[in-house]
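Report on one structure; see the data block that follows.
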Amino acid sequence: EVTYNVLIHGLCERSRMEEAFELFSKMDGDDCTPTVRTYTILISALCGEGRTEEAFSLVDKMREKGCLPNVHTYTVLIDGLCKESRLEEAESILKEISVKGLVPSVITYNALIDGYCKKGKVDSAFSIMQMMESNGCQPNTRTYNELICGFCKATKAHRAMGLLNKMLENGITPNLITYNSLIDGMCKEGHIDNAFRMIDLMDSNGLVADVWTYSTLIDALCKDGRMEEAYSLFNSLGGRGIKANEVIYTALIDAECKAGHIGIACSLLEKMVSVGCEPNFCTYNAVLDGLSKESKMQDALSVMNEMEEKGVQADVITNTILISGMLKKGLIVDAKMIWDQMVSSGCKPDVFTYTTFIRAYCNIGKLDDAEKLITEMHKEGVHPDTVTYNTLIGGCTKMGLIDQAFHFLKCMMDAKCKPD
RNA sequence: GUGCAACCUAAUGGUGCA
């Protein structure tokens, strides 16, 4: 039975699910009974592939066979639900654990806390931490890191700092991730210089800034237009024993593109390749956006070919960038072609892609087509957001169709979308 | 004494703005 579990685990790790289930079904014939562990391995793998419903039916199946889920099993389920943004269900499983007389572990709580943080619901995450403390479960470094990151993403770096102090008081050791999150939070709130001071604080705690730290700082300098400082920090990396990675190059390339310096961006792209740093899809997307905004669609298409030759998969963002570029030149047919290619390659358009098209239809006065897209979005389960409605409303007002504009405002409210 | 759980941090795309 142990042998089976090890093998099944190995197959699942390589996402060879079919084979894993085949082995699983052979167990009985071999006089082996699957245990909670066997089921948990499979349930975890199913959740990891987004097959949550199958995971739940496996849970039912194990119960039928008289095998009860343990804390590990429940934790896997909570994690899976969180990854699908099904937070209420995740929290109800946490309750179920206690009802069944089991005790949730730190990992169980952390899974839920991370889920809430990733959804921007930091306050709910925070109350889970309070709940775990009152249940006698001590938050660990990871718990604090998730919350600190959550507060930073919610532009509440002050609350994050408060948590840093709390963890120090409680004797929980911050690590690089803790500080890197804080540095990012401070940068995003415009306090770049304070962020640099955090490096000293790290030093005094025996932590040495890493690539993540520097990429955060370099990106912040870039976005603030402080390119000279960004480059001098970039050039200092070698002396610190750090090798610039694709994230750092992408930050620089993006900034150069946005400043209209496509030539510099392209030479950075060449440079990174020559020093053995492989561009990834973000890098290419940054370049493509630069070219696209300058209406250099020919160049953009050849960069996209290069991307594919290198085996870098184009994603929704890549396609949206190209579609947007085509539409800005009025090339609706080409834009539609890219759309179709994207869909047939199994990549689904998202809110951004739809909104891009809606804007184009508004600009040429085809409000009915724009409205059709909204209907299609609902059908596809892609929810129009504030920007989508703003685009539509803006299109109406430009054409003097004030009543139409109010009509869409009403649609917006009906869809429980907040006007800004 | 061997097998199950949270991959916690950085870079890329859509509207409008005097």
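Numbers restart at 1 for each chain; the letters A, B, ... are given by sequence-line order, proteins then strands.
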Below 4.5 Å, heavy atoms only, C-beta onward: do P174(A) and L164(A) meet side chain to side chain? yes
Applying the Watson-Crick and G-U criteria (both distances under 3.5 angstrom) with [ ] for crossing and | for other-strand pairs, one obtains for RNA chain B ..................
Using a cut-off of 4.0 Å on non-hydrogen atoms, how would the nucleic acid contact of V351(A) be classed: base, sugar-phosphate, or nothing? base
Rounding to a whole Å, what distance do you find between M198(A):CE and U9(B):P? 17 Å
Reckon K223(A) has a side-chain N or O less than 4.0 Å from the OP1 or OP2 of U12(B)? yes
Report which part of the nucleic acid T353(A) touches: base, sugar-phosphate, or nothing (heavy-atom distance under 4.0 Å, all strands). base
K398(A) NZ to C17(B) C1', in whole Å, measures 11 Å
Please report, rounded to the nearest Å, how far the P atom of A6(B) is from the CG atom of N140(A). 13 Å
Using the side-chain heavy atoms of K153(A), tell me which of these nucleotides is nearest: U12(B), C8(B), A10(B). A10(B)
Send over the distance from I93(A) CD1 to A6(B) P, rounded to a whole Å. 15 Å
Reckon N245(A) touches a base, only the sugar-phosphate, or nothing at all at heavy-atom distances under 4.0 Å? base
So what does T250(A) touch, heavy atoms closer than 4.0 Å: a base, only the sugar-phosphate, or nothing? base
At under 4.0 Å between heavy atoms, what does S181(A) touch on the DNA or RNA strands: base, sugar-phosphate, or nothing? sugar-phosphate
Could you tell me whether D340(A) and K336(A) have a side-chain N and a carboxylate O separated by less than 4.0 Å? no
Would you indicate what D350(A) reaches in the nucleic acid, counting non-hydrogen atoms under 4.0 angstrom: base, sugar-phosphate, or nothing? base
How would you label the contact of S105(A) with the nucleic acid (heavy atoms, under 4.0 Å): base, sugar-phosphate, or nothing? base
Using only heavy-atom distances, determine whether the side chains of N140(A) and T143(A) contain a donor-acceptor pair under 3.5 Å. yes
So R359(A), base contact, sugar-phosphate only, or nothing? Heavy-atom distance under 4.0 Å. sugar-phosphate
Which part of the nucleic acid, if any, lies within contact of D420(A), taking any heavy atom under 4.0 Å across all strands shown: a base, the sugar-phosphate backbone alone, or nothing? nothing
is_close_aromatic(F24(A), Y39(A)), centroid dist under 6.0 Å: yes
Does OP1 or OP2 of U12(B) have a side-chain N or O of K293(A) closer than 4.0 Å? no
Remember a base hit wins even if backbone is also touched, and classify T388(A) as base, sugar-phosphate or nothing at under 4.0 Å, heavy atoms. base
May I ask you to say what T356(A) touches in the nucleic acid, namely base, sugar-phosphate or nothing, with a heavy-atom cut-off under 4.0 Å? sugar-phosphate
Could you state the CE-P distance from M167(A) to U9(B), rounded to the nearest angstrom? 15 Å
Assess the pair Y354(A) and W339(A): is the distance between their ring centroids shorter than 6.0 Å? yes
I need the CG-P distance between N285(A) and G13(B), as an integer number of Å. 9 Å
Phosphate OP1/OP2 of G13(B) contacted by K258(A) side-chain N/O (<4.0 Å): yes
Between D184(A) and S181(A), is any side-chain donor less than 3.5 angstrom from a side-chain acceptor? no
